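Report on one structure; see the data block that follows.
Note that the structure is predicted; figures quoted are calculated from it, not measured. Every number for a ligand or one of its atoms is a count from 1 in the order of the listing.
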Amino acid sequence: MAHKTIIIYKSSTGFTEKYARLLAEKLDGTAVDFKKAGRIPPSDFDTVIFGTRTHAGSIDGFDKFRKILRKQIRAHAKTPSCILFVTGASPATEQEIIHKFRKDN
Ligand SMILES: Cc1cc2nc3c(=O)[nH]c(=O)nc-3n(C[C@H](O)[C@H](O)[C@H](O)COP(=O)(O)O)c2cc1C
């Protein structure tokens with residue numbers, strides 16, 4: 001059976017969505033808006049990728065996403081692998097800021 005991947009994205013301006021769609025294309029997966037994620041059982045997938053933005057030093061929507069995921073995993077037998085990606089406006093050269101962000105989150 002083929003490996004099934006879902007990319008759930010939370011995006012205000014379409015930036016994170018662009019990456020989510022790119023991943024979906026590369027991984028032969030499905031990109032779904034976070035608003036609709038509650039209706040899709042993540043346990044139907046082998047891998048669940050959550051993509052969102054950095055918001056004032058934290059991961060936007062992460063707690064809500066985790067709640068949805070936990071609830072649905074409890075209701076189904078299978079636990080998928082979970083991957084997170086986060087977009088942000090901090091330049092890649094700002095390693096100290098990025099390191100702190102990873103540590104804090
Ligand atoms: C209110 C607000 C707070 C933000 N805080 C951060 C931040 O702390 N660090 C950062 O690197 N980017 C920050 N950003 C930039 C966004 O994370 C970035 O533009 C992101 O790619 C937007 O993705 P989206 O439009 O797909 O939601 C912030 C943007 C907004 C509007």
> Does Ile59 share a hydrophobic cluster with Ile7, counting links as ILVMFWY side-chain heavy atoms below 4.5 Å and allowing steps through other members?
Replying inline: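 No; tracing contacts between hydrophobic side chains, which count when under 4.5 Å, never links both residues.
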>> Do Leu23 and Ile8 land in one hydrophobic cluster if side-chain heavy atoms of ILVMFWY residues count as linked below 4.5 Å?
In response: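 The answer is no; the residues belong to distinct hydrophobic clusters.
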>> The criterion is ring-ring contact (aromatic ring centres under 6.0 Å, His included); which residues satisfy it with Tyr19, sequence neighbours excluded?
In response: Phe15
>> Please give me the minimum heavy-atom distance between His3 and Thr5, naming the atom from each residue.
In response: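 That closest heavy-atom pairing would be CD2-OG1, 3.4 Å.
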> Is there a side-chain contact between Phe85 and Ile49 (heavy atoms, below 4.5 Å)?
Replying inline: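 Contact flag for Phe85/Ile49 side chains = yes.
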> So, do Leu69 and Cys82 sit near enough that their side-chain heavy atoms are less than 4.5 Å apart?
Replying inline: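 Side-chain contact under 4.5 Å: yes.
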May I ask you to identify the nearest protein heavy atom to [atom], giving residue, atom name and distance to one decimal place in Å?
{"atom": "atom 30 (C) of ligand 1", "result": "Arg53 NH1, 3.8 Å"}
{"atom": "atom 23 (O) of ligand 1", "result": "Thr16 OG1, 3.2 Å"}
{"atom": "atom 27 (O) of ligand 1", "result": "Ser12 N, 2.8 Å"}
{"atom": "atom 12 (N) of ligand 1", "result": "Ala89 N, 3.0 Å"}
{"atom": "atom 25 (O) of ligand 1", "result": "Thr13 OG1, 2.4 Å"}
{"atom": "atom 2 (C) of ligand 1", "result": "His55 CD2, 3.7 Å"}

Numbered atoms and elements of ligand 1 in range of [X], under 4.0 angstrom, heavy atoms:
{"X": "Ala56", "result": "3 (C), 4 (C), 5 (N), 6 (C), 7 (C), 8 (O)"}
{"X": "Gly57", "result": "7 (C), 8 (O)"}
{"X": "Thr87", "result": "17 (O), 20 (C), 21 (O), 23 (O)"}
{"X": "Ser11", "result": "24 (P), 26 (O), 27 (O)"}
{"X": "Ser90", "result": "9 (N), 10 (C), 11 (O)"}

> Between Phe50 and Phe34, what is the ring plane arrangement, given parallel below 30°, perpendicular above 60°, and tilted in between?
Replying inline: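 The rings of Phe50 and Phe34 sit tilted, inter-plane angle from 30° to 60°.
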>> For atom 17 (O) of ligand 1, tell me which residue out of Val86, Thr54, Ile59, Asp60 has the closest non-hydrogen atom.
In response: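 That would be Thr54.
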Enumerate donor-acceptor pairs with a distance under 3.5 Å from any side-chain N or O in residues 95-105 to protein atoms, sequence neighbours excluded.
| from | atom 1 | to | atom 2 | distance (Å) |
| --- | --- | --- | --- | --- |
| Gln95 | NE2 | Ala92 | O | 2.8 |
| Lys100 | NZ | Asp104 | OD2 | 2.6 |
| Asn105 | ND2 | Gly57 | O | 3.0 |
| Asn105 | ND2 | Phe101 | O | 2.9 |

